[in-house]
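Structure, as structure tokens:
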Amino acid sequence: MSVYRLEEMSTPDLDALDREQTVIVMTVSPLEAHGPHLPVGVDAFAARHFAETIAERLVARRPGWSVVLAPTLHLGSFTFDAVGTITVRQRVVRDALVDYGDSLARAGFRWILIANGHAGPGHLTALDEASGIVTRRHGVMMASFTGHLAWQFLRGRYVDRIEAELGRPLTAAERDAFAEDAHGGWWETSLMLLLRPDLVDESFRTLPPARYSLISRVVPNYPLRNGGQGYVGHPALADPAFAKATTEVLMGEAMTIVDGLLDGHLKPSDRHSPFFQVPFFRTNFWRGAGITTAAVAAGAGLYGWLRTRSRKPSKTAHPRP
């Protein structure tokens with residue numbers, strides 16, 4: 001067996017692993033409201049699936065290598081606040097991952113990856129910050145790249161490959177829905193139908209599209225205001241075949257990055273989230289509770305602007321990242 005679970009291993013068993021050929025995969029995502037039809041653990045389920053698939057593919061590609069899956073950390077910032085959402089400060093997310101990374105690096109592990117299923121701008125920035133701190137402090141490679149993948153996905157960069165996996169082109173209505181999808185909509189509902197259909201309420205089939213303008217997205221907690229049910233997009237379109245096609249494409253892209261990191265062709269900074277470059281998303285930028293609220297509003301606005309500015313998926317080929 002080459003894939004292990006950290007919590008199930010003894011210290012001697014862990015210590016016996018070849019540090020040069022062992023990858024630790026940490027899973028981190030919040031508990032957050034995702035509409036009336038999905039469980040609050042959607043992001044964590046997605047991240048865990050991501051982590052397990054990376055592990056399986058990595059050991060298949062690299063005989064002699066091992067992967068250790070760390071337990072899921074239910075932590076995340078920049079979340080929508082409703083019953084079931086556990087709000088965690090951005091600094092806590094960053095510092096918890098630094099502590100985990102420090103401990104693993106002190107034990108001699110030099111390859112540490114972060115699997116994440118939450119796209120909150122400040123959350124993605126905290127993951128990048130933690131990875132950079134541990135990498136510099138210990139001379140190891142700790143990387144979070146799911147923010148980069150999520151951004152490329154939302155921009156429609158992978159649509160041609162998704163259509164190839166589906167075996168058909170997306171309709172015009174589906175392309176519009178794809179461009180509007182963001183939270184608890186078409187993709188996440190499809191993914192949960194693939195991974196845990198028992199946790200998806202049948203009401204998703206009758207939920208109307210939830211569309212939000214740029215100005216609406218500037219307001220904190222916008223999907224839950226004015227009668228909103230906490231989702232953004234088109235959950236009624238959900239189909240496990242769509243989830244299977246998209247995850248296959250995303251995992252192919254993820255493994256290209258993982259191989260590049262392990263072989264030294266890529267640095268973690270080459271695949272940062274786009275929000276990492278925006279100063280007011282940094283952990284230490286804002287001071288005071290009132291300003292923090294303003295930061296969340298600004299973050300939602302910028303994220304909405306970036307999402308809106310992204311061109312809708314077209315039938316032309318999209319460049320690789």
Side-chain angles (χ1 to χ4, degrees), residues 1-31 41 43-77 86 88-118 123-124 126-146 195 251 254-255 257-264 266-269 271 283:
M1 179 180 178
S2 300
V3 178
Y4 306 92
R5 296 182 184 277
L6 179 59
E7 68 272 25
E8 296 176 354
M9 301 186 73
S10 67
T11 295
D13 287 342
L14 272 167
D15 204 27
L17 295 175
D18 182 351
R19 304 302 198 270
E20 295 297 319
Q21 297 188 32
T22 297
V23 178
I24 309 291
V25 181
M26 297 173 55
T27 303
V28 55
S29 283
L31 298 175
D43 293 342
F45 282 115
R48 191 64 178 181
H49 178 65
F50 195 82
E52 291 173 348
T53 306
I54 283 179
E56 292 167 1
R57 296 193 181 191
L58 198 155
V59 297
R61 289 188 185 192
R62 296 173 181 262
W65 282 64
S66 299
V67 176
V68 178
L69 297 169
T72 300
L73 297 176
H74 293 289
L75 300 174
S77 60
I86 305 300
V88 177
R89 287 165 292 156
Q90 184 185 22
R91 183 187 305 275
V92 173
V93 176
R94 182 201 64 186
D95 290 351
L97 290 178
V98 168
D99 287 348
Y100 262 72
D102 281 347
S103 296
L104 293 166
R106 286 196 302 270
F109 295 103
R110 54 172 305 194
W111 309 110
I112 307 168
L113 301 175
I114 298 175
N116 162 62
H118 177 58
H123 176 78
L124 295 175
L127 305 188
D128 284 329
E129 289 177 332
S131 299
I133 290 169
V134 174
T135 296
R136 291 189 299 272
R137 185 178 289 173
H138 299 281
V140 300
M141 191 286 295
M142 180 165 165
S144 172
F145 53 84
T146 46
L195 300 181
M251 285 310 310
M255 289 308 301
I257 296 174
V258 169
D259 286 336
L261 292 168
L262 297 180
D263 293 336
L266 289 175
K267 302 186 298 296
S269 58
R271 292 296 182 267
T283 301

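Hydrogens, waters and symmetry mates play no part in the numbers below; they use all other heavy atoms, side chains included.
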Donor-acceptor contact present, side-chain [X] to main-chain [Y], <3.5 Å:
X      : Y      : value
Trp111 : Met142 : no
Thr283 : Arg91  : no
Ser77  : Val88  : no

| request: State whether the number of non-hydrogen atoms from other residues, nucleotides or ligands found under 6.0 Å of Tyr100 atom OH is greater than 12. | output: no
From [X] [atom1] over to [Y] [atom2], what is the distance, rounded to the nearest 0.5 angstrom?
X      : Y      : atom1 : atom2 : result
His74  : Thr72  : NE2   : OG1   : 5.5 Å
Asn116 : Thr27  : CG    : OG1   : 9.5 Å
Lys267 : Met141 : NZ    : CE    : 13.0 Å
Thr22  : Arg110 : OG1   : CZ    : 11.0 Å
Leu69  : Ile24  : CG    : CD1   : 9.0 Å
Leu266 : Arg271 : CG    : CZ    : 5.0 Å

| message | Before you tell me yes or no, could you show the steps for Gln90 and His123 under side chain to side chain contact (heavy atoms under 4.5 Å, CB included), namely the whole-Å CA-CA distance, both residues' side-chain angles and the distance that decides it to 0.1 Å? | response | CA-CA 6 Å; Gln90 184 185 22; His123 176 78; over 6 Å; no
Compare every heavy atom of [Y] with every heavy atom of [X], then report the nearest pair and how far apart it is.
X      : Y      : value
Ser144 : Leu127 : OG-CB, 3.4 Å
Tyr4   : Met9   : CB-SD, 3.4 Å
Phe145 : Ala254 : CE1-CB, 4.1 Å
Val258 : Leu113 : CG2-CD1, 3.9 Å

| query | Checking side chain to side chain contact (heavy atoms under 4.5 Å, CB included) for the pair Val68/Val25: CA distance, chi angles, key distance, verdict? | reply | CA-CA 6 Å; Val68 178; Val25 181; over 6 Å; no
| field | Trace of the side chain to side chain contact (heavy atoms under 4.5 Å, CB included) decision for Val140 with Phe109 | value | CA-CA 8 Å; Val140 300; Phe109 295 103; over 6 Å; no
| message | Run Ser131 and Ile114 through side chain to side chain contact (heavy atoms under 4.5 Å, CB included) and show every step you take. | response | CA-CA 8 Å; Ser131 299; Ile114 298 175; 3.4 Å; yes
| Residue that, paired with His118, satisfies side chain to side chain contact (heavy atoms under 4.5 Å, CB included) out of Asp43, Leu124, Thr146, Val93 | Asp43
| request: Please assess Arg94 against Asp128 for the test salt bridge (charged side-chain N to carboxylate O under 4.0 Å, His left out), listing each intermediate value before the final yes or no. | output: CA-CA 8 Å; Arg94 182 201 64 186; Asp128 284 329; over 6 Å; no
| Under 4.0 Å between a Lys/Arg side-chain N and an Asp/Glu carboxylate O for Asp259 and Arg57? | no
| Do Pro71 and Leu6 come within less than 4.5 Å of each other through their side chains, counting heavy atoms only? | yes
| Quick one: do the Asp13 and Ser10 side chains pair a donor with an acceptor below 3.5 Å? | yes
Give the table of side-chain donor-acceptor pairs shorter than 3.5 Å for residues 45-56, with sequence neighbours excluded, one pair per line with atom names and distance.
residue, atom, partner, partner atom, Å
Arg48, NH1, Ala70, O, 2.8
Glu52, OE2, Arg5, NH2, 3.3
Thr53, OG1, His49, O, 2.8

| With Asp15, which residues qualify under salt bridge (charged side-chain N to carboxylate O under 4.0 Å, His left out), at least two apart? | Arg19
